[in-house]
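Below: the structure, in structure tokens.
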Amino acid sequence: MRIGELSRRTGVHTHQLRYYEAQGLLEADRHPNGYRAYDETAVLRVKQIRHLLGAGLSSEDIAYLLPCAVGETPVLLGCPELLAAMRSRLQRLDDQMDRLAQSRAALAEYVDAAERMSRQSYPPFETPTREPVPA
């Protein structure tokens, strides 16, 4: 099948399919006229890629994991290298969540402080006591 048909069957834009090919996630044969030709397994492969991307994996991670993928969802066959890669990605996500939680807590404190301070009266801003700083 050509790229347009693969796009229709998977719901993935052709530019994304080309990107998957460039990343080594998807393979296509070439017709003499240069058109891409995909076999039936490409439909399953694209669905696997979409599920793995939805799990937050990078295209580099997915390239590593795809040989172990079975089925559309997919199920990943366990091997020590695969499990180590997934645990590493999970740890990176946990670290990002911790940093976001810390940022959120700090921002919430600033909002609370600003709301408390808004109840106090301030000198009018029309009479500046200092020279404005040039931008």
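One is the number of the first residue; the rest follow in order along the sequence.
- Closest approach of V12 to S7, counting heavy atoms only: O-OG, 2.6 Å.
- If you run salt bridge (charged side-chain N to carboxylate O under 4.0 Å, His left out) between R36 and each of E5, E21, E27, only E21 comes through.
- Rounding to the nearest 0.5 Å places CG of D112 at 8.0 Å from CD of E109.
- Closest heavy-atom contact between P67 and Y64: CD-O, 3.5 Å.
- Transitive grouping of hydrophobic side chains (ILVMFWY, heavy atoms separated by less than 4.5 Å) brings I3 and Y19 into a common cluster.
- Under the 4.5 Å side-chain heavy-atom criterion for grouping Ile, Leu, Val, Met, Phe, Trp and Tyr, L57 is connected to Y20 within one hydrophobic cluster.
- Within a 6.0 Å sphere centred on NE2 of H13, other residues, nucleotides and ligands contribute 12 heavy atoms or fewer.
- Residue-environment remark: CZ (R2) stays at or below the threshold of 12 foreign heavy atoms within 6.0 Å.
- Across every non-hydrogen atom of L25 and L66, the tightest pair is O-CD1, 3.6 Å.
- Using a 4.5 Å cut-off on side-chain heavy atoms (C-beta onward), Q48 and R45 make contact.
- When all heavy atoms are compared, the tightest approach of P74 to G71 is CB-O, 3.1 Å.
- Hydrophobic clustering places L52 together with L83 (ILVMFWY residues linked when any side-chain heavy atoms are closer than 4.5 Å, directly or through intermediates).
- Residues L53 and L65 share a single hydrophobic cluster, defined by chaining ILVMFWY side chains whose heavy atoms lie under 4.5 Å apart.
- Going from atom CZ of R8 over to atom OG1 of T14 covers 10.5 Å, rounded to the nearest 0.5 Å.
- Between D39 and M1, the shortest heavy-atom contact is O-CE, 3.5 Å.
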Report all side-chain donor-acceptor pairs from residues 96-104 shorter than 3.5 Å, counting only partners two or more places apart or in another chain.
{"residue": "S103", "atom": "OG", "partner": "R99", "partner atom": "O", "Å": "3.1"}

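- R89 and E60 are not joined by a salt bridge, as no carboxylate oxygen comes within less than 4.0 angstrom of a charged side-chain nitrogen.
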